[in-house]
Structures are given as C-alpha cells and as structure tokens.
Amino acid sequence: MRIMLACCAGMSTSLVVSKMQDEAAKQGKDYKIWAVEQGQIEDELGNFDVLLLGPQVRHIQRKASKIVGDAAPIAVIDAVAYGRCDGAAVLKQAEALVEGK
C-alpha cells in the first residue's frame, strides 16, 4: 500500500510518518509511507493509494477531493492520533479507507 500524507510544509507530518513506518514494519507490512506539502498533491497523482491530510490543512479537503477524484480515498487524520503521533492508529485509519470501511 502507498500512503501519502499532506500538510502545510511536508515537515510536521514527518514524525507521524516515521511512527507509521515503524508500525507497518512491526506488522510485517511493506508499505510506502511519505509526506508532502499540500501543493504537491496533484504532482503525486497516481503514486498513492490513500491520501491523509494533516489536521492543520483540513480546510483543503474539498479541494484535494476535486484534484484526486476517484483515484484514491481521502480523509483528515484523526486529530488525537496525530497529536499523539500514534502511528498504529493512523495506519489503521489509512487501511480502513482503502478497504472501504
């Protein structure tokens, strides 16, 4: 699975990405997980299976949905999980989106 996170500068989600990568490895899952600046979403089209937005950019969800269309599911990362850098919870959120739950 390819999980892309987007935030203001691509930096604030780096710790969450790291925790998600650790959790995926712990579960034996070979996922590609990375973060980009919100303006790069369109450039990354086709490269991700799910797009998670940092809570600080929740206001771009409608715009991002128009850009991505049906190519991938999009959601705002749960604010509590994000604030706690809970990689397991954010990973579970991404998997649920891809599975259509």
Side-chain angles (χ1 to χ4, degrees):
M1 183 182 320
R2 300 167 303 165
I3 305 168
M4 188 173 82
L5 283 68
C7 66
C8 286
M11 300 289 284
S12 61
T13 54
S14 62
L15 188 55
V16 175
V17 165
S18 178
K19 297 290 186 176
M20 290 174 71
Q21 290 168 334
D22 291 347
E23 185 61 30
K26 190 168 105 177
Q27 294 179 21
K29 297 174 179 173
D30 185 25
Y31 291 171
K32 179 180 178 189
I33 306 168
W34 74 104
V36 299
E37 188 273 326
Q38 62 186 347
Q40 295 177 288
I41 294 171
E42 192 166 6
D43 297 336
E44 293 284 343
L45 273 179
N47 294 334
F48 55 88
D49 300 311
V50 60
L51 172 60
L52 296 176
L53 303 174
Q56 71 275 34
V57 295
R58 71 178 343 113
H59 63 278
I60 69 157
Q61 187 172 11
R62 186 175 293 146
K63 178 182 174 184
S65 293
K66 286 180 184 176
I67 291 169
V68 175
D70 293 333
I74 299 173
V76 175
I77 299 170
D78 175 73
V80 173
Y82 186 87
R84 292 182 177 163
C85 289
D86 187 342
V90 181
L91 188 65
K92 187 174 180 178
Q93 182 182 5
E95 291 172 332
L97 283 166
V98 171
E99 294 168 8
K101 295 179 181 175

Going by atom type alone, with no hydrogens or angles, which donor-acceptor pairs under 3.5 Å involve a side-chain atom of residues 24-33 and a protein atom two or more places apart or on another chain?
residue, atom, partner, partner atom, Å
Gln27, OE1, Lys29, NZ, 2.6
Gln27, NE2, Glu23, OE2, 2.7
Lys29, NZ, Glu95, OE2, 2.7
Tyr31, OH, Glu95, OE2, 2.8

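Smallest separation of non-hydrogen atoms from Cys7 and Gln56: CB-NE2, 3.2 Å. Across every non-hydrogen atom of Ala81 and Ala89, the tightest pair is CB-CB, 3.8 Å.
Considering only heavy atoms from C-beta on, Leu97 comes within 4.5 Å of Leu52 through its side chain. Looking at Ile60 and Ile41, their side chains come closer than 4.5 Å, going by heavy atoms from C-beta outward. With a 4.5 Å cut-off on side-chain heavy atoms, Asp78 and Val90 do not count as touching. Looking at heavy atoms from C-beta onward, Ile77 lies in side-chain contact with Gln93 at the 4.5 angstrom threshold. With contacts defined as side-chain heavy-atom distances shorter than 4.5 Å, the pair Met1/Val98 qualifies. Side-chain contact between Val36 and Thr13 is absent, with no heavy-atom pair separated by less than 4.5 Å. Taking 4.5 Å as the limit, some side-chain heavy atom of Val16 sits within range of a side-chain heavy atom of Tyr82.
Here the CD1 atom belonging to Ile3 is positioned 5.0 Å from the CG atom belonging to Leu91, to the nearest 0.5 angstrom. From Lys92, atom NZ reaches atom CG of Asp86 across 10.0 Å, with rounding to the nearest 0.5 Å. The CD1 atom of Ile67 sits 13.5 Å away from atom CZ of Arg62, with the distance rounded to the nearest 0.5 Å. Interatomic distance, Leu15 CG to Met20 CE, rounded to the nearest 0.5 Å: 12.0 Å. Within the model, atoms NZ of Lys63 and CD of Glu42 stand 9.0 Å from one another, a figure rounded to the nearest 0.5 Å.
Within the 3.5 Å criterion, the main-chain N or O of Ala75 finds no donor-acceptor partner in the side chain of Arg58. With hydrogens and angles disregarded, a donor-acceptor distance shorter than 3.5 Å links the side chain of Ser65 to the backbone of Gln61.
Pro73 pairs in a side-chain contact (heavy atoms from CB on, under 4.5 Å) with only one of the listed residues (Leu51, Asp49, Val50), which is Val50.
Partners of Glu44 under the side chain to side chain donor-acceptor pair (under 3.5 Å) rule, at least two apart in sequence or in another chain, are Asn47.
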